[in-house]
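Notes follow once the structure below has been shown.
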Amino acid sequence: MKIGELSKISGVSVRMLRYYEEQGLLQPSRTAAGYRDFNQQEIRTLERIKLLSAAGMNLNTILEFLPCVRGNALVFEPCDELIELLHAQIKQVDKKAAELAASRRVLMGFLDEIDGS
DNA sequence: TTTCTTACA
DNA sequence: TGTAAGTA
């Protein structure tokens with residue numbers, strides 16, 4: 001199917017779809033006119049990309065992780081060499097959580113000042 | 001009308 | 001990421 005159609009059904013912008021291809025996450029074939037032609041496989045891959053994005057991965061780590069995800073569920077192939085990548089991701093999430101907690105403390109501080117005045 | 005590439009904000 | 005330009 002054409003990029004516009006895929007964009008509509010997937011909710012992913014045409015811009016992003018082209019970017020995903022540029023980054024090697026998607027490899028749609030081309031029509032005679034040079035239009036990208038997405039098949040069922042690309043659609044499935046896109047769903048995985050969305051799943052991995054929800055996990056907070058950037059495109060590069062998704063690219064490494066992609067071959068180890070099956071279907072739309074969190075089912076992984078025996079890619080043991082990637083458990084390290086998983087730990088790294090969790091570490092990043094923890095870091096962000098800490099930063100958010102810090103922001104929360106600052107906000108709470110503002111509120112206390114207002115209440116205090 | 002839709003898509004393509006390249007490039008700027 | 002969105003958008004603009006000039007095509008096919």
Side-chain angles (χ1 to χ4, degrees):
Chain A
M1 71 174 99
K2 290 187 297 185
I3 196 170
E5 191 180 357
L6 178 59
S7 176
K8 184 176 182 179
I9 66 172
S10 67
V12 177
S13 70
V14 169
R15 179 77 168 77
M16 275 302 101
L17 255 16
R18 295 195 183 113
Y19 186 55
Y20 286 162
E21 181 193 29
E22 185 184 308
Q23 299 306 302
L25 279 68
L26 253 28
Q27 29 253 204
S29 56
R30 296 298 184 117
T31 65
Y35 288 8
R36 265 164 276 249
D37 182 40
F38 297 88
N39 57 42
Q40 191 58 47
Q41 179 60 205
E42 268 76 62
I43 297 175
R44 290 190 60 197
T45 301
L46 181 58
E47 290 307 309
R48 301 178 201 188
I49 292 173
K50 291 169 67 177
L51 188 65
L52 265 23
S53 289
M57 295 185 187
N58 56 43
L59 296 187
N60 272 316
T61 107
I62 289 178
L63 184 57
E64 298 179 72
F65 220 98
L66 221 42
C68 298
V69 187
R70 181 191 303 157
N72 301 322
L74 293 173
V75 178
F76 300 89
E77 300 280 345
C79 292
D80 298 326
E81 61 283 332
L82 265 65
I83 61 175
E84 187 180 332
L85 186 60
L86 231 28
H87 285 308
Q89 278 299 135
I90 293 175
K91 191 172 182 179
Q92 283 185 46
V93 170
D94 288 340
K95 183 179 180 181
K96 289 182 181 178
E99 294 174 347
L100 286 175
S103 294
R104 187 200 144 80
R105 283 193 289 279
V106 174
L107 261 14
M108 288 293 274
F110 289 161
L111 218 44
D112 286 339
E113 289 183 45
I114 294 175
D115 292 335
S117 53

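Order of the sequence lines sets the chain letters (A, B, ...), proteins ahead of strands, with each chain counted from 1. Computed from a predicted model, the values in this text were never measured in an experiment.
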Dot-bracket for DNA chain C, please, read 5' to 3', with Watson-Crick or G-U wobble pairs under 3.5 Å on both distances, ( ) within the strand, [ ] crossing, | other strand, . unpaired. ||||||.|
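At least one donor-acceptor pair closer than 3.5 Å links the side chain of A:Ser53 to the backbone N or O of A:Ile49. Within the 3.5 Å criterion, the main-chain N or O of A:Phe110 finds no donor-acceptor partner in the side chain of A:Glu113. Without hydrogens or angle criteria, A:Lys50 side chain to A:Ser10 main chain gives a donor-acceptor distance under 3.5 Å.
Between A:Met1 and A:Ile9 the shortest side-chain heavy-atom distance falls below 4.5 Å. Within the 4.5 Å cutoff, the side chain of A:Tyr20 has no heavy atoms near those of the A:Thr45 side chain. Side-chain contact between A:Tyr19 and A:Leu59 is present, with heavy atoms from C-beta onward closer than 4.5 Å.
A search for side-chain hydrogen bond (donor to acceptor under 3.5 Å, both in side chains) contacts involving A:Asn58 returns nothing, not counting sequence neighbours. Evaluation of the salt bridge (charged side-chain N to carboxylate O under 4.0 Å, His left out) rule for A:Arg18 yields no partner, not counting sequence neighbours. Under the rule for a salt bridge (charged side-chain N to carboxylate O under 4.0 Å, His left out), the partners of A:Glu21 that lie at least two apart in sequence or sit in another chain are A:Arg30, A:Arg36.
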Let me have a per-nucleotide readout for nucleotides 4-9 of chain B, 5' to 3', with B, S or -, counting only protein heavy atoms under 4.0 Å. BB----
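From the 5' end on, the contacts that DNA chain C makes with chain A at under 4.0 Å to a non-hydrogen atom open and close at C:dT1 to C:dA8.
The hydrophobic clustering, which links ILVMFWY residues whose side-chain heavy atoms are closer than 4.5 Å, places A:Leu26 and A:Met16 together.
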